[in-house]
Amino acid sequence: VAWRPMAEGSEDVTTAGGGRTTSAKDTPFVGRAISHESADGHVTGGALYTDDLTTRYPGVLTAWPVCAPHAHALLLDLDVRPALEVPGVVRVLTVADVPGRNDTGCSREDEPLFPRPSAPGEKPEILFHSMPVAWVLAESSEAAKRGAAKVVASYEPLPAILTIEDAVKAGSYHHTGEKIRRGDPEAALARAPHRLTGTFTVGGQEHFYLEANASLAVVDEAGSVLVHASTQHPTETQLVVAHVLGVPAADVVVQQIRMGGGFGGKETQANPFAAIAAIGATLTKRPVRVVLDRMRDFQLSGKRHPFVGDYEVGFDAAGKVLSFKLALVSDGGHSLDLSFPVLGRALFHSDNAYYLPDVEVCGSAAKTHKISNTAFRGFGGPQGGSQGSLQGGVSIGPGGAVVGAGSSWIDVDAGVERAAGPFVERGAGSDSCHVGRPTEIGTDKNVCIGRDRCVPYHPGCTVIGGKSRAFASRVI
């Protein structure tokens, strides 16, 4: 094992009373280049990930899913007997094998591990395309895949809701009624000389972490379960696994050695795979690994939430935003997951970096027949912030058409408008921008817009109505 001595450094500190110099021992990290704690392992290939641990456990079984080919359907029949005839197949897991609760939802119990009826007496319901109806346990990945191909299932396809627009028409929601309001936007809109209305869509996105979802479960002689999981939330994974197994959380230990990427995609989405591995290990008394290939990971793990925003903006001839109304709807997928806090952050970010005196932003999370969307870097902030950037497009709209629409009504060149952005009033005679850096009114100097980025200063845009205005904070 390579040993690296503690980093050392020194610094000089001058005080008002004279001077003092600290020693290297006082500041062991100052002035030293310190490598990442896992850097050696990463560059040499010695760093271990979840699936690398399988070599520590003899007799490991591999689990492979049997996926439904419909986005919405009823599961009429499921025959796993042909799979058991495949050499190497040890067992096939179905809903009948769940010892505890058939649910892995993190926010509410709306995320079944296996299909379940929506009402007593009905057939189990498929909620999204590729939803697993069974998991095959086998001596090898190849045997598990061959066994999964032999499982016979019959379905009754049902109409599927696949877009936010379809969900709105059908009244299909996980959550509605979130609202942020200030002033009287309706009255301000009525007074505004000009208005713009439109719709802005933000698409979803795949996390595409290098390491796909992976879990490895082992049961000890006392019946306690150890789960190695590529998860961003080991405690939640522990609680979900215990919930599914029907045992106290103290009987489940979850360890995460490291992840090959997550970006929010493994905050909750690692839970069902850990639960399957734990069920398999509990029933067979053998270690069980669940390691998805890239295609299955795409199919079985959630994405960034798509959003649709309908906006209405009132503004004056100078391009000043007077009122802003926005209705946001996100695509939550088939279960709530983290859609509620993601929606909340989208609402909080919807004014971007601008002060709007009269504003109303409403939000809802739509329920569709797709994989449940989940945490993603930004967590709703980019979706809401991009809507706020529009502000009707009269000042900073990211879409050229919207900016152009605003520019056709105001006495500001569209190119200047795109560069400058909405204005933040600082009061008459102000000589500094929003972060306190000086501006030079009446010159051709640059004006700071924050984060050490500047745009050309345009006197005609910066001084309006006798008041000095500084550019609003935004990163470009």
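Computed from a predicted model, the values in this text were never measured in an experiment.
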Exercise. If you take all heavy atoms of Val89 and Val92, which pair is closest and at what distance?
Worked result: CG1-CG2, 4.4 Å
Seminar exercise, completed: Taken in chain and number order and not counting sequence neighbours, the residues that satisfy side-chain contact (heavy atoms from CB on, under 4.5 Å) with Val219 are Val225, Ala281, Thr282
For this session: Step by step, work out the side chain to side chain donor-acceptor pair (under 3.5 Å) result for Ser335 and Ser372.
Result: CA-CA 5 Å; Ser335 69; Ser372 188; 2.8 Å; yes
Exercise. Hey, what's the ring geometry for Phe128 with His334, parallel, tilted or perpendicular (30° and 60° as the breaks)?
Worked result: parallel
For this session: Taking side chain to side chain donor-acceptor pair (under 3.5 Å) as the test, write out the residues that go with Arg377, two or more places apart.
Result: none
Problem set entry | Short N-O contact, Asp51 and Arg289, less than 4.0 angstrom | yes
Exercise. Within 45° of the six-membered ring axis of Tyr49 and under 6.0 Å from that ring's centre, is NZ or CZ of Arg258 located there?
Worked result: yes
Seminar exercise, completed: Sorted by chain and number, sequence neighbours left out, ring-ring contact (aromatic ring centres under 6.0 Å, His included) with His174 holds for none
Seminar exercise, completed: Contacts of Arg286 meeting salt bridge (charged side-chain N to carboxylate O under 4.0 Å, His left out) (sequence neighbours excluded), chain-then-number -> Glu139
Exercise. If you take all heavy atoms of Val308 and Glu165, which pair is closest and at what distance?
Worked result: CG2-OE2, 3.7 Å
Solution key, residues 64-74 side-chain donor-acceptor pairs under 3.5 Å, sequence neighbours excluded:
unit_1: His72; atom_1: ND1; unit_2: Pro159; atom_2: O; d: 2.6
unit_1: His72; atom_1: ND1; unit_2: His369; atom_2: NE2; d: 3.4
unit_1: His72; atom_1: NE2; unit_2: Glu125; atom_2: OE2; d: 2.6

Exercise. Between Pro185 and Ser323, which heavy-atom pair has the shortest distance, and what is it?
Worked result: O-OG, 2.8 Å
Problem set entry | For Arg91, all residues meeting salt bridge (charged side-chain N to carboxylate O under 4.0 Å, His left out), sequence neighbours excluded | Asp97
Problem set entry | Salt bridge present between Arg116 and Asp103 (N-O < 4.0 angstrom) | yes
Exercise. Between the side chains of Asp297 and Ser301, does any donor sit under 3.5 Å from an acceptor?
Worked result: yes
For this session: Output all residues satisfying ring-ring contact (aromatic ring centres under 6.0 Å, His included) with Phe379, sequence neighbours left out; order by chain, then residue number.
Result: none
Problem set entry | Heavy-atom side-chain contact between Phe298 and Phe208 under 4.5 Å | yes
Exercise. Given side chains that start at C-beta, do those of Leu75 and Lys123 come closer than 4.5 Å, heavy atoms only?
Worked result: no
Exercise. What residues, two or more places apart in sequence or in another chain, satisfy salt bridge (charged side-chain N to carboxylate O under 4.0 Å, His left out) together with Lys370?
Worked result: Asp331
Exercise. What about Phe307 and Phe200, are their ring centers closer than 6.0 Å?
Worked result: no
Problem set entry | Test item: Leu93 and Leu283 side chains (from C-beta on) under 4.5 Å apart, heavy atoms | yes
Exercise. Which pair of non-hydrogen atoms, one from Gly147 and one from Val136, has the smallest distance, and what is that distance?
Worked result: C-CG2, 4.0 Å
For this session: Identify the heavy atoms of Ala274 and Val227 that sit nearest to each other, and give their distance.
Result: CB-CG1, 3.9 Å
Exercise. So, do Val60 and Val288 sit near enough that their side-chain heavy atoms are less than 4.5 Å apart?
Worked result: no
Exercise. Mind checking what makes ring-ring contact (aromatic ring centres under 6.0 Å, His included) contact with Phe340, not counting sequence neighbours?
Worked result: His175
Problem set entry | Polar side chain donor-acceptor pair, Ser339 to His305, under 3.5 angstrom | yes
Exercise. Are any non-hydrogen side-chain atoms of Leu328 and Leu347 less than 4.5 angstrom apart?
Worked result: yes
Exercise. Excluding sequence neighbours, so at least two apart, what forms salt bridge (charged side-chain N to carboxylate O under 4.0 Å, His left out) with Glu109?
Worked result: Arg101
Exercise. Is the number of heavy atoms from other residues, nucleotides or ligands under 6.0 Å of Lys303 NZ greater than 12?
Worked result: yes
Exercise. side-chain hydrogen bond (donor to acceptor under 3.5 Å, both in side chains): which pairs involve residues 266-275, sequence neighbours left out?
Worked result: Glu211-Lys266, Ser230-Lys266, Glu236-Asn271, Thr237-Asn271, Thr268-Asp337, Thr268-Thr374, Gln269-Asp337
Problem set entry | Full working for side chain to side chain donor-acceptor pair (under 3.5 Å) between Tyr209 and Asn213 | CA-CA 9 Å; Tyr209 28 71; Asn213 274 284; 3.1 Å; yes
Seminar exercise, completed: Note: Thr94 and Phe114 closest approach over all heavy atoms is O-CE1, 3.7 Å
Problem set entry | Salt-bridge criterion met for Lys325 and Glu312 (N-O under 4.0 Å) | no
For this session: Go through the structure and list residues passing side-chain contact (heavy atoms from CB on, under 4.5 Å) with Ala167, not counting sequence neighbours.
Result: Ile161, Ser172, Ala366, Thr368
